[in-house]
Amino acid sequence: MGVDLSSLVDEIKREIQLSEIKGKKISIDAYNAIYQFLTAIRQPDGTPLMDSSGRVTSHLSGVFYRTISLLEEGVIPVYVFDGKPPEMKSQELDRRRKIKEEAEKKLQKAKEEGSTRELKKYSQMSTKLTNDMAEESKKLLTAMGIPIVQAPSEGEAEAAYLCSSGYTWASASQDYDSLLFGAKRLVRNLTLTGKRKLPNKDIYVEIKPEIIELNDLLNKYGINREQLVDIGILIGTDYDPEGIKGIGSKTALRIIKKYGTIEKAVEKGEVPKYILDLDLEKIRSLFLKPDVNNPEGSLELTDPNKDEIINILVNEHNFNADRVNNGIERLIKGIKDTKGLSRQTGLDQWF
DNA sequence: CACCGTAA
DNA sequence: TTACGGTGG
């Protein structure tokens, strides 16, 4: 789930109107976004949307409609897909797999005797994002004329790199890891709507897009990015999921501010020695010098391939043709208007 | 998540 | 016009 920097970030995050991102490119952690669609786009009993052969289609619905509404707001999405995960992540991936297997068992049980609520809970918990789903999403986005980038390794690292090197204005993800990866700006809640969402109970709250500027975060706490990474390691990241027991973000900040590095803090007895069993340098470099590539394509919007979209959604997966056609019309208009916007902002830079 | 018909 | 709830696949 990534590093929990929420209490530090709360101090400097601010709400953002999508109009503030008009004409700007945003790199989107595709895995993160698609996963959200898979868990959110469901029937009341927790069953995901499926085509007539029983293949899940929730992700396609999310990718299609959400991308169109972003374009209508003038936002230019660049979806960044995961490559091969780093070796260091295998422990965390194992842990997640086990949780899913448990949820799967509980789901089967709930199907026999459980309540709707349990059914929904465990079916969301056992959500899996398969390779096929990622490949299909890429195909759909390409047909839609939306730029995609294939990361050599972590998608979130690549998305952050696109941002820090100026290809995109910000990076969108729910995970704060983006900041450790060096994204200048992190936008959260971009692929959720401003509508309502349940935090597990029946309580509904407004979810609004918010932005976190890396520089604001570092300045606010008087630390550099290396130190932010050390703070992350103490709390626990995907590469050291346990972190240090009893150390949360506030304590980690205090310790790193005082001693500068994890090693110094260990020397002074502020952090237990067992953290040195980790390959700290390796973890740091995964965040500070991640395996990333320059994008191959141009990251510009292109004309949608109407037939291909219809083929994927309507012919392959039984989407309603009228709805899809309506979506395509909105998409074409959105792309046209958004291109106009970026031309304008492009010109503005000359003056 | 978003769409869409219906109600206020 | 917006708000809601049932449905989409």
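Chain naming here is simple, since letters A, B, ... match the order of the sequence lines and numbering starts at 1 in each. The model shown is predicted, which means the values in this text are computed figures rather than measured ones.
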A.B. asks: Under a 3.5 Å cutoff, is there a donor and acceptor pairing between the side chains of N189(A) and Q174(A)?
C.D. replies: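 The criterion, which ignores hydrogens and geometry beyond distance, is satisfied for Q174(A) and N189(A).
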A.B. asks: Got a sec, which pairs hit ring pair (Phe, Tyr, Trp, His ring centres under 6.0 Å) with one end in residues 28-54 of chain A, sequence neighbours left out?
C.D. replies: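 Output for this query is empty, none listed.
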A.B. asks: Take K13(A) and D216(A) through the test salt bridge (Lys or Arg N to Asp or Glu O under 4.0 Å) and record every step on the way to the result.
C.D. replies: CA-CA 9 Å; K13(A) 72 176 182 198; D216(A) 289 354; over 6 Å; no
A.B. asks: Figure out the CG/P separation between N32(A) and dC1(B), and round it to whole Å.
C.D. replies: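 About 14 Å, once rounded to whole Å.
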A.B. asks: Which protein N or O atoms sit under 3.5 Å from an N or O of nucleotides 6-9 of chain C?
C.D. replies:
unit_1 : atom_1 : unit_2  : atom_2 : d
dG8(C) : O6     : R42(A)  : O      : 3.3
dG9(C) : OP1    : N320(A) : N      : 2.5
dG9(C) : O3'    : T57(A)  : OG1    : 2.8
dG9(C) : O3'    : H317(A) : O      : 2.9
dG9(C) : N9     : M50(A)  : O      : 3.4
dG9(C) : O6     : Q43(A)  : NE2    : 3.2
dG9(C) : N1     : Q43(A)  : NE2    : 3.0
dG9(C) : N2     : P48(A)  : O      : 2.5
dG9(C) : N2     : M50(A)  : N      : 3.2
dG9(C) : N3     : M50(A)  : N      : 2.8
dG9(C) : N3     : M50(A)  : O      : 3.3

A.B. asks: State which residues pass salt bridge (charged side-chain N to carboxylate O under 4.0 Å, His left out) with R188(A); sequence neighbours excluded, sorted by chain then number.
C.D. replies: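 By the salt bridge (charged side-chain N to carboxylate O under 4.0 Å, His left out) rule, R188(A) matches E210(A).
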A.B. asks: If the condition is side-chain contact (heavy atoms from CB on, under 4.5 Å), which residues does Q227(A) pass it with, not counting sequence neighbours?
C.D. replies: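 side-chain contact (heavy atoms from CB on, under 4.5 Å) list for Q227(A), sorted by chain: I223(A), N224(A), I256(A).
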A.B. asks: Less than 3.5 Å apart, any donor N or O on the side chain of T39(A) or T127(A) sitting next to an acceptor on the other?
C.D. replies: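 No - no donor-acceptor pair under 3.5 Å links their side chains.
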A.B. asks: Strictly by ring pair (Phe, Tyr, Trp, His ring centres under 6.0 Å), give each pair with a member in residues 219-241 of chain A just once, sequence neighbours left out.
C.D. replies: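 Listed once each, the pairs are Y239(A)-F287(A).
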A.B. asks: Any base atoms under 4.0 Å from S69(A), or only sugar-phosphate, or nothing? Heavy atoms, all strands.
C.D. replies: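 Sugar-phosphate, no base atom in range.
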A.B. asks: Would you mind reading off the distance between L70(A) atom CG and dC1(B) atom C1', rounded to a whole angstrom?
C.D. replies: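 Those two atoms, CG and C1', are 12 Å apart.
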A.B. asks: For R323(A) and S61(A), what are the C-alpha separation, side-chain angles and deciding distance, and is it a side-chain hydrogen bond (donor to acceptor under 3.5 Å, both in side chains)?
C.D. replies: CA-CA 11 Å; R323(A) 284 189 177 199; S61(A) 180; over 6 Å; no
A.B. asks: In whole Å, I'd like the distance from the CD1 atom of I328(A) to the P atom of dC3(B).
C.D. replies: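 Going from CD1 in I328(A) over to P in dC3(B) covers 14 Å.
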A.B. asks: So what is the 5' to 3' dot-bracket string for DNA chain B, if pairs are Watson-Crick or G-U wobble with both distances under 3.5 Å, crossing pairs use [ ] and | means the partner sits on another strand?
C.D. replies: ||||||||
